[in-house]
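Owing to the predicted nature of the structure, the values given are computational and were not obtained by experimental measurement. So you know, we letter chains A, B, ... as the sequences are listed, proteins then strands, and number each from 1.
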There are 2 protein chains.
Amino acid sequence: MTKPRYRRRKKDRPKEITAAAFDAFAEHGFAATTVDDVAKRAGVSKGLMYLYFKTKEELFKAVVKSVVVRRVDQLILEVETTELSSEAFIRGPLLSFLQKIPGSPVAIVVRLLISEGPRHPDLVDYYYENVVAKGLAAISGFLTRGVDRGEFRQSAVTGLPHLVLAPVMLSIIWGIIFTKQALDTDKLIATQIDMLLAHIKA
Amino acid sequence: MTKPRYRRRKKDRPKEITAAAFDAFAEHGFAATTVDDVAKRAGVSKGLMYLYFKTKEELFKAVVKSVVVRRVDQLILEVETTELSSEAFIRGPLLSFLQKIPGSPVAIVVRLLISEGPRHPDLVDYYYENVVAKGLAAISGFLTRGVDRGEFRQSAVTGLPHLVLAPVMLSIIWGIIFTKQALDTDKLIATQIDMLLAHIKA
DNA sequence: ATAGTTAATGACTCGCTGGTCAGCAAGTGA
DNA sequence: TCACTTGCTGACCAGCGAGTCATTAACTAT
């Protein structure tokens, strides 16, 4: 009995390949990653890659999109259905959501978008619409709801949800560049939230 | 009279080449930039590049270092010699310094470090020591001086100068990725400073 | 002038990698 | 079991770009 040289698994291939590609891109970035390297990681021949993805760029786009899975949608749902007071929600679910980001695949995608984004405007648009815009809108909407309820006062911050993301962004970048120099990203994000709340509380 | 095919300008070449390389890297990133492209921008043959820089990587390092010119040192000097009150200094010179960063060459360097940093640990160290560490120390020192003078109160913020940089970082990244979606970075940074001051004022 | 020095050129090599394709063999159905 | 479909392989190609080097010509010193 000889074991077959390969198995036909048309259905699972795309996911396996994008997963392998994600790992490879995470390690070396897009440009420095070889299609053949991705193929080896996926336990597949190079030729097969081109049956599922026409070009290396298309593979790249598929990888980015695969990470965008309803991560934000989940948060938005919580925002809309929570029973908590605005402050409690912010200090609880929102804070812990934010604190998870720097160590999540999102950080990798940010790195990839910084490196390759300028050459893929459509991909950037996609990411903006499905992640950033939605996320900002959710935060912004939540803040104005707090204002309506009399929990928060109106201020410049209400219209600048970016301030919530700022420490998250710094944490992501820090993690990418200064892997040596430790930074307590949880504390950084928590402190910013503290400050924001103190600033907008009615 | 025939005009010479080239001029010998050993002294000026390095600066001209790094300047051209900076432009090219800013446009296409490191990996996608051809040595020959840099050479053409500098009005020089490809062969000459290798007389001044042994490899493309060495050129890259030279470019990064060329941007690190005493930008921070200037700020530190101001910090140490200013006559202003701590708050006035923060709202004045420090704020305008921070607001200039997102549109400056520093933003380009950040992008390059994100893309290529992981493969150049020594370069990252250099940048950390000469720019980031110094900058953070300056801000941190300035804050504790404010505490000593009774202008500020002690708080978690005093030990987290990163909070000052966070909106700057977000602005830089935003500018790199979402060139379409406008963001009032000046306002973002100013609002953060407002909040920080309100939070730490005695 | 002119011989000597060296900044500068540009044609060349060579390894690498994205992409192709003819053939093969694993599954399928009768 | 045997023909047929098609997922999959791996050898191959073409182009590109980093790095080299023999040659040239712009300077310099005497």
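Atom NZ in K56(A) sits roughly 15 Å away from atom P in dT20(C) (whole-Å rounding). As rounded to whole Å, 14 Å separates atom P of dT20(C) from atom CG of L48(A). When rounded to the nearest whole Å, the span between CG of L51(A) and P of dT9(D) equals 9 Å. For the pair L59(B) CG and dG19(D) C1', the interatomic distance rounds to 13 Å; values are reported in whole Å. Taking atom CD on E57(A) and atom C1' on dG19(C), their separation rounds to 13 Å, with Å as the unit.
A close approach under 4.0 Å does not occur between any side-chain nitrogen or oxygen of K46(B) and OP1 or OP2 of dG10(C). When the side-chain nitrogen and oxygen atoms of Y52(B) are compared with OP1 and OP2 of dA8(C), one or more of them lie within a distance under 4.0 Å. For dC8(D), the OP1/OP2 oxygens have no side-chain nitrogen or oxygen of R9(A) closer than 4.0 Å.
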Inset, instruction - Would you check, one step at a time, whether the test salt bridge (Lys or Arg N to Asp or Glu O under 4.0 Å) holds for E16(A) with K11(A)? - result: CA-CA 10 Å; E16(A) 291 174 9; K11(A) 210 171 193 178; over 6 Å; no
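Under 4.0 Å is where a charged nitrogen must lie from a carboxylate oxygen, and between E116(A) and R111(A) no such pair does. Electrostatic pairing of E87(B) and K201(B) counts as a salt bridge here, judged by a charged N lying under 4.0 Å from a carboxylate O.
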Sub-3.5 Å pairs of nitrogen or oxygen atoms, protein against nucleotides 25-28 of chain D:
residue, atom, partner, partner atom, Å
dA26(D), OP1, R5(B), N, 3.4
dA26(D), N3, R8(B), NE, 3.4
dA26(D), N3, R8(B), NH2, 3.4

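Checked against dG10(C), dG18(C), dC8(D), the side chain of R13(A) finds its nearest nucleotide in dC8(D).
Contacts with DNA chain C (heavy atom under 4.0 Å) in residues 21-40 of chain A: T33(A), T34(A), V35(A), listed by number.
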